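Every chain is numbered from 1, with letters handed out A, B, ... down the list of sequences. Here the structure is a predicted model, which is why all the values come from computation and not from measurement.
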Number of protein chains: 4
Amino acid sequence: MSGINKVILVGHLGKDPEVRYLEGGVSVASFPLATSESFNKDGRKIEQTEWHNIVMWRGLADVAAKYLQKGKLVYIEGKLRTRSFEDKAGVKKYTTEVIAENFTILGRKSDFENETRHSLKSEDADSDYDSRTDADDLPF
Amino acid sequence: MSGINKVILVGHLGKDPEVRYLEGGVSVASFPLATSESFNKDGRKIEQTEWHNIVMWRGLADVAAKYLQKGKLVYIEGKLRTRSFEDKAGVKKYTTEVIAENFTILGRKSDFENETRHSLKSEDADSDYDSRTDADDLPF
Amino acid sequence: MSGINKVILVGHLGKDPEVRYLEGGVSVASFPLATSESFNKDGRKIEQTEWHNIVMWRGLADVAAKYLQKGKLVYIEGKLRTRSFEDKAGVKKYTTEVIAENFTILGRKSDFENETRHSLKSEDADSDYDSRTDADDLPF
Amino acid sequence: MSGINKVILVGHLGKDPEVRYLEGGVSVASFPLATSESFNKDGRKIEQTEWHNIVMWRGLADVAAKYLQKGKLVYIEGKLRTRSFEDKAGVKKYTTEVIAENFTILGRKSDFENETRHSLKSEDADSDYDSRTDADDLPF
DNA sequence: TTTT
DNA sequence: TTTT
């Protein structure tokens, strides 16, 4: 018990969010996010990009679908979750995702028709212990 | 460019750190860390544990080897890195690890013969752009 | 717009939380929190303690009043807020506080009769845009 | 001991950094940073801005002086420090500052002639236990 | 004013 | 595989 599992990312979306709808109408958005880091090595500037699998649930997924697009710069706060799945060949594999808990769009003024911070408590779609939306945080 | 990739964890070590030495004498420590979370579902308390693969390089690995043991509660700050590798059967797989940048032991008094915060800039063993140790942060 | 204002602290309470009740029955808890840092200077170990003014609103204040006491080790997440006030002599002064958004008790087993993470959206008592409680996070 | 004191901010500089030089040639940069937050209250969008006093020491101050200007959007990581001072009238006052440990410029492409993350261990100017610069992180 |  |  008593753990903290927190991820803070600032990066650009590699693709538009992809939204799926589960039984019960629960929405799930996912997209890749790139965080790049520069450093000097032997006098040359090296840029290293790390890709993260971002997952958003329910109301946060809906907001993401509406306001996030490929290329946008966002601040994302969330937690790590590793889950297993079977690939097409039936081989068990693992993937680590960042389950987003809130996000803020950063960047150009033109990106800010909407400037509210988006926040949503979200969890696995098959649990309903926290399915409400932090409506006050939504921009409409 | 311009990215932030930060992980903050507080959890317990699932095992003692395992230390390996690469060519050049570079040390790498790794261990699993559990972060647990409790919540109420339908009136029952559910505990959910997430396991993280922690990796520490060089001086930080040495400090970890000396001061961290299975069961200890630690605060860890680091970044996410996903890398691919081939399993024994030659199948390409991916794993996501937390490359620790510093840690602080939390918890019981008996855990605190040493109480300095440990911090070390570290990177891939095959790169040497940042191989020094933040010696002032080391407890000896 | 588009800002992030986040504070992450792990430290010990210097006093029991002090709870006040505003008009409307809104509860506000506050207490000092010590975060200490050790480092070596000229071969001697120096310990430096920083004191933070923690403020919790509404449901989070109620949970704090019940579960936090002087000496306990807690993880606190919140945001900075600087406000002005007049001292007894009528002189305008400023104070910077950490408005907590959630906390987790860390530390000894004896501290863990209750082990849920406490979280509450909270704001100034004179605003009511976010006055609900994240009830699912509360331990009762 | 065993504390964590961490601040994460994303905001705009309210002024150009002001650089002072202490005895020994130690440089100190300081500037105000605004973090704004939007929320809906009674259907109206409210924007609330918080101002932070940012302080940078030594090499980090030098990088700030070179690359940060009024209006720029930056990610700043640091720690809180409250110190007392006497105002012109000899009255003792307190101020809380964010001692930056690293920063990253965010925002428009045009802001990124230089895109390295800046990082520097820094402390009070009158202590020399950590006076070196994380040179590898510097952009020259 | 905490803790080790 | 941790911890409470």
Expressed in angstrom and rounded to an integer, what is the separation of [X] atom [atom1] from [N] atom [atom2]?
X      : N     : atom1 : atom2 : value
B/H12  : F/dT4 : NE2   : C1'   : 8 Å
C/L73  : F/dT4 : CG    : P     : 14 Å
C/F31  : E/dT2 : CZ    : P     : 15 Å
B/N40  : F/dT4 : CG    : P     : 20 Å
B/E50  : F/dT1 : CD    : C1'   : 13 Å
C/I105 : F/dT4 : CD1   : P     : 14 Å
C/H52  : E/dT2 : NE2   : P     : 15 Å
C/E18  : E/dT2 : CD    : P     : 16 Å

Consider the side chain of [X], meaning its heavy atoms from C-beta on, and name the nucleotide among [options] that approaches it most closely.
X     : options             : result
C/T49 : E/dT2, F/dT2, E/dT1 : E/dT2
C/P32 : E/dT2, E/dT1, F/dT4 : E/dT1
B/A34 : F/dT2, E/dT1, F/dT4 : F/dT2

Practice task
Using atom types as modelled and distance alone, determine if a side-chain donor or acceptor of C/S27 lies under 3.5 Å from a backbone N or O of C/R58.
Solution key: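 The answer is yes, because a donor-acceptor pair under 3.5 Å joins these two groups.
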Handout entry: Backbone N/O of C/Q69 and side chain of C/D16: donor-acceptor pair under 3.5 Å
Key =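 Judged by distance alone, no pair lies under 3.5 Å.
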Exercise for the section: Can you sort out the partners of D/E50 under side chain to side chain donor-acceptor pair (under 3.5 Å), two or more places apart, ordered by chain and number? Expected result: none
Problem - salt bridge (Lys or Arg N to Asp or Glu O under 4.0 Å) pairs, two or more places apart, involving residues 84-93 of chain C - result: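 Checked against salt bridge (Lys or Arg N to Asp or Glu O under 4.0 Å) - neighbours excluded - the pairs reaching residues 84-93 of chain C are C/D87-C/K93.
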Practice task
Give C/K70 one of three labels, base, sugar-phosphate or nothing, depending on what nucleic acid heavy atoms sit under 4.0 Å from its own.
Solution key: sugar-phosphate
